[in-house]
Amino acid sequence: QVQLVESGGGLVQPGGSLRLSCAASGRTSRMFAMGWFRQAPGKEREFVAAITKARGSTYYADSVKGRFTVSRDNAKNTVYLQMNSLTPEDTAVYYCASSVTDSLYVSASAWDSWGQGTQVTVSS
């Protein structure tokens with residue numbers, strides 16, 4: 001079992017930036033691809049970005065491409081999400097996820113472990 005803990009959320013003005021972190025513990029040997037999802041009130045959980053372990057290959061949702069950057073530090077078992085040029089539409093609870101495969105999936109059901117989420121609110 002992998003435990004994931006997100007941090008770094010908060011309130012930011014439109015146009016601002018935040019950096020989310022997700023620290024993993026437990027059976028990290030079974031943690032390969034890592035991803036970020038978000039869920040706004042009344043909406044389904046949606047894919048944001050993901051990164052593989054071996055090659056660091058990345059994939060982004062169109063809505064965040066060019067604004068968000070996902071990265072990871074395998075030695076620290078940590079994945080990051082740098083979010084720039086934030087808009088109110090980015091307001092959501094952001095979740096970290098890990099997979100036992102090193103493949104990138106946009107479907108939430110394909111991921112194996114989840115964190116509890118961190119709130120990001122973009123408002124003036």
Side-chain angles (χ1 to χ4, degrees):
Q1 189 78 359
V2 174
Q3 290 80 43
L4 304 171
V5 178
E6 302 95 336
S7 61
L11 174 64
V12 62
Q13 292 187 341
S17 298
L18 279 177
R19 188 193 194 206
L20 306 183
S21 298
C22 173
S25 60
R27 297 187 66 183
T28 56
S29 61
R30 289 184 56 77
M31 185 181 72
F32 290 88
M34 297 192 75
W36 288 95
F37 287 74
R38 67 186 181 186
Q39 188 166 17
K43 294 187 176 182
E44 293 187 354
R45 191 169 297 189
E46 66 171 357
F47 172 81
V48 175
I51 184 168
T52 62
K53 181 177 182 178
R55 303 185 67 175
S57 300
T58 59
Y59 186 70
Y60 297 92
D62 287 342
S63 59
V64 306
K65 201 172 295 183
R67 301 187 299 124
F68 290 11
T69 302
V70 61
S71 61
R72 66 190 292 166
D73 185 333
N74 291 333
K76 295 182 178 180
N77 292 317
T78 301
V79 64
Y80 306 96
L81 185 67
Q82 177 67 44
M83 306 186 294
N84 299 327
S85 303
L86 286 162
T87 74
E89 288 69 37
D90 295 315
T91 295
V93 176
Y94 282 70
Y95 297 91
C96 173
S98 69
S99 173
V100 297
T101 69
D102 214 15
S103 300
L104 304 180
Y105 299 102
V106 298
S107 172
S109 62
W111 296 79
D112 301 291
S113 299
W114 293 87
Q116 293 301 306
T118 185
Q119 176 71 46
V120 171
T121 302
V122 184
S123 175
S124 55

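None of the values given here were measured: they were computed from a predicted structure.
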[atom1]/[X] to [atom2]/[Y] distance, rounded to the nearest 0.5 angstrom?
X    : Y   : atom1 : atom2 : answer
S17  : F68 : OG    : CZ    : 9.5 Å
Q82  : S21 : CD    : OG    : 9.5 Å
D112 : M31 : CG    : CE    : 12.0 Å
N77  : Q3  : CG    : CD    : 11.5 Å
L104 : Y59 : CG    : OH    : 9.5 Å
K65  : T58 : NZ    : OG1   : 9.5 Å

Hey, any chance [X] and [Y] share a hydrophobic cluster, counting ILVMFWY side chains that come within less than 4.5 Å of each other, even indirectly?
X    : Y    : answer
V64  : F37  : no
V106 : V93  : yes
L4   : Y80  : no
Y105 : W114 : yes
M83  : Y95  : no

Enumerate donor-acceptor pairs with a distance under 3.5 Å from any side-chain N or O in residues 49-56 to protein atoms, sequence neighbours excluded.
residue	atom	partner	partner atom	Å
T52	OG1	G56	N	3.2
T52	OG1	S57	N	2.9

ask   = Could you walk me through whether S99 and W111 pass the side-chain contact (heavy atoms from CB on, under 4.5 Å) check?
value = CA-CA 5 Å; S99 173; W111 296 79; 3.8 Å; yes
inquiry  = Tell me which pairs pass salt bridge (charged side-chain N to carboxylate O under 4.0 Å, His left out) where either residue lies in residues 36-45, with sequence neighbours left out.
reply    = R38-E46, R38-D90
message = For residues 4-28, which residue pairs pass the salt bridge (charged side-chain N to carboxylate O under 4.0 Å, His left out) check, not counting sequence neighbours?
response = none
query = For F47 and Y60, which heavy atoms make the closest approach, and how far apart are they?
reply = CE2-C, 3.9 Å
remark   = Nearest heavy-atom approach of Y94 to V48 is CE2-CG2, 4.4 Å
key: Test item: R67 side-chain N/O and S63 main-chain N/O as donor-acceptor pair under 3.5 Å   = yes
query = Counting only N and O atoms by type, is there a donor-acceptor contact under 3.5 Å from the side chain of S103 to the main-chain atoms of T101?
reply = no
Distance-only check: which donor-acceptor pairs under 3.5 Å involve side-chain atoms of residues 117-124, not counting sequence neighbours?
residue	atom	partner	partner atom	Å
T118	OG1	G9	N	3.2
Q119	NE2	A92	O	3.4
Q119	NE2	T121	OG1	3.3

Selection residues 50-79 - residue pairs positive for disulfide (SG to SG under 2.5 Å), sequence neighbours left out = none
Disulfide (SG to SG under 2.5 Å) contacts in which one or both residues fall within residues 36-124, not counting sequence neighbours = C22-C96
